[in-house]
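We number each residue from 1, following the sequence as shown. Computation of the quantities below employed the complete heavy-atom set of this structure, encompassing side-chain atoms and omitting hydrogens, waters and symmetry-equivalent molecules.
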Amino acid sequence: MEDSIDILLLYKRNVFLNKENQISHLDWIVSGAVASAYGLWAMFVLPGFRKVPFKLKVPFLPSSQTQCENVTKLLKGRRGRLVDLGSGDGRLVIAAASMGFHCTGYELNPILLSYAKTQARWRGFACGQATFLKQNFWTMEALEHKLSAELPENARVISCRFPFPHWTPTCSEGSGLDQVWAYDMQTLKQTSLDRQTCPGFSLSHESNY
């Protein structure tokens, strides 16, 4: 009987030690994952954040394949110049350049900027077809005022993941994180003119954007 109790206690001790080892291994895995995530963040995101005021910081969210396809759908039938504000790793600029646009990507993060330039050179784009510049951009609301004042009427603005707060989109593609919105300056300026001439004019669904 005593032998049986000893064997039982020994079994329970071994089970307890195995569980401790499993927990220890899990801790190492979780710690390694956190360290890797921090390393990637420090390498790709942090360099672009240092010179930006805290309230204006926007995280680097790489465009998915679906989102790139949604953007190209909204660009079909158009040509000319394209500017990507916050171009990240350059995938949208490269996709648009492949369609014949002359593209410029603006990105503050030097590591992402170097990667995008390398991709453009590797794909053999001509000078001026896919250009990347290290410059900053501000909030969506500030961009609304700047773009409204400076863009010609035939310009189209496409926004990924972050819709403009006061503009009403002409059309959109996709849903969720892959949704993109298109804004035609001619329509926006006409809407603004209508509001000025008709003070009571409003759009009931504007608050959704």
Side-chain angles (χ1 to χ4, degrees), residues 44-45 47-48 52 56-189 209:
F44 290 102
V45 181
V52 181
L56 299 178
K57 292 177 180 179
V58 177
F60 166 57
L61 299 174
S63 300
S64 65
Q65 180 63 33
T66 301
Q67 190 177 63
C68 288
E69 292 173 356
N70 290 335
V71 171
T72 56
K73 287 178 183 178
L74 296 179
L75 291 174
K76 283 184 178 179
R78 305 182 70 87
R79 60 181 181 178
R81 296 195 58 80
L82 179 140
V83 174
D84 186 6
L85 302 178
S87 54
D89 57 9
R91 63 185 67 188
L92 284 177
V93 168
I94 290 173
S98 300
M99 297 173 64
F101 286 90
H102 287 79
C103 306
T104 302
Y106 291 89
E107 175 57 48
L108 191 61
N109 188 308
I111 297 176
L112 294 173
L113 194 68
S114 298
Y115 178 82
K117 289 180 177 179
T118 301
Q119 286 292 308
R121 285 196 298 268
W122 182 76
R123 293 171 183 268
F125 288 115
C127 181
Q129 192 174 0
T131 305
F132 295 93
L133 301 175
K134 187 176 183 294
Q135 293 187 22
N136 193 15
F137 70 99
W138 301 106
T139 62
M140 300 296 282
E141 188 170 2
L143 278 175
E144 281 184 339
H145 297 294
K146 181 176 178 61
L147 297 178
S148 296
E150 299 180 9
L151 288 180
E153 287 192 353
N154 64 345
R156 166 167 281 192
V157 179
I158 297 177
S159 178
C160 303
R161 291 192 180 135
F162 302 101
F164 284 92
H166 303 118
W167 287 356
T168 300
T170 306
C171 55
S172 68
E173 285 286 346
S175 61
L177 291 177
D178 293 321
Q179 186 171 6
V180 298
W181 297 264
Y183 306 86
D184 290 333
M185 295 309 301
Q186 184 176 11
T187 303
L188 292 173
K189 290 183 177 182
Y209 301 96

Given Gln129 and His102, is the side-chain hydrogen bond (donor to acceptor under 3.5 Å, both in side chains) satisfied, shown in steps? CA-CA 4 Å; Gln129 192 174 0; His102 287 79; over 6 Å; no
Stepwise side chain to side chain contact (heavy atoms under 4.5 Å, CB included) test for Arg123 and Ser98: CA-CA 10 Å; Arg123 293 171 183 268; Ser98 300; 5.5 Å; no
Just do the side chain to side chain contact (heavy atoms under 4.5 Å, CB included) check on Arg156 and Arg78 with the steps written out, would you? CA-CA 9 Å; Arg156 166 167 281 192; Arg78 305 182 70 87; 3.5 Å; yes
Worked verdict on Arg81 versus Thr104 for side chain to side chain contact (heavy atoms under 4.5 Å, CB included): CA-CA 8 Å; Arg81 296 195 58 80; Thr104 302; 3.1 Å; yes
Should Met185 and Val157 be marked as a side chain to side chain contact (heavy atoms under 4.5 Å, CB included) after you check the CA-CA gap, both sets of side-chain angles, and the distance that decides it? CA-CA 8 Å; Met185 295 309 301; Val157 179; 4.1 Å; yes
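Taking all atoms of both residues into account, the shortest heavy-atom contact from His145 to Glu141 is CD2-O, 3.2 Å. Between Gln179 and Gly174 the shortest heavy-atom distance is CG-O, 3.6 Å. In terms of heavy atoms, Gly88 sits closest to Ala116 at O-CB, 4.2 Å. Of all heavy-atom pairs spanning Leu133 and Leu113, the tightest one is O-CD1, 3.7 Å. In plain terms, the two heavy atoms of Ile158 and Leu75 that are nearest each other are CD1-CD2, 3.5 Å. Heavy-atom minimum distance, Ala182 versus Leu74: CB-CD1, 3.8 Å.
Put simply, the side chain of Ser159 reaches to within 4.5 Å of the side chain of Met140, judged on heavy atoms. Between Leu188 and Ser148, the closest side-chain pair of non-hydrogen atoms is not below 4.5 Å. Within the 4.5 Å cutoff, the side chain of Leu92 has heavy atoms near those of the Cys68 side chain.
Leu151 contributes atom CG, which lies 14.0 Å from atom OH of Tyr183 (distance to the nearest 0.5 angstrom). In this structure, CD on Gln67 lies 9.0 Å from CZ on Arg91, to the nearest 0.5 angstrom. To the nearest 0.5 Å, atoms SG (Cys160) and CG (Leu85) are separated by 11.0 Å. Residue Ser64 holds its OG atom at 6.0 Å from CZ of Arg161, rounded to the nearest 0.5 Å. Note that CD1 of Ile94 and CZ of Phe132 are 5.0 Å apart. Values are rounded to the nearest 0.5 Å. Expressed to the nearest 0.5 Å, how far OH of Tyr106 lies from OG1 of Thr131 amounts to 9.0 Å.
Counting non-hydrogen atoms of neighbouring residues, nucleotides and ligands closer than 6.0 angstrom, the CD atom of Glu153 exceeds 12 such neighbours. Heavy-atom contacts from other residues, nucleotides or ligands closer than 6.0 Å to NZ of Lys189 number more than 12.
Side chain of Glu173 to main chain of Trp181: no donor-acceptor pair is present (N/O by atom type, distance under 3.5 Å, no hydrogens or angles). Using modelled atom types, one side-chain atom of Asn70 and one backbone atom of Asp178 make a donor-acceptor pair closer than 3.5 Å.
Using a cutoff of 4.0 Å between basic side-chain nitrogens and carboxylate oxygens, Lys146 and Glu150 are scored as salt-bridged.
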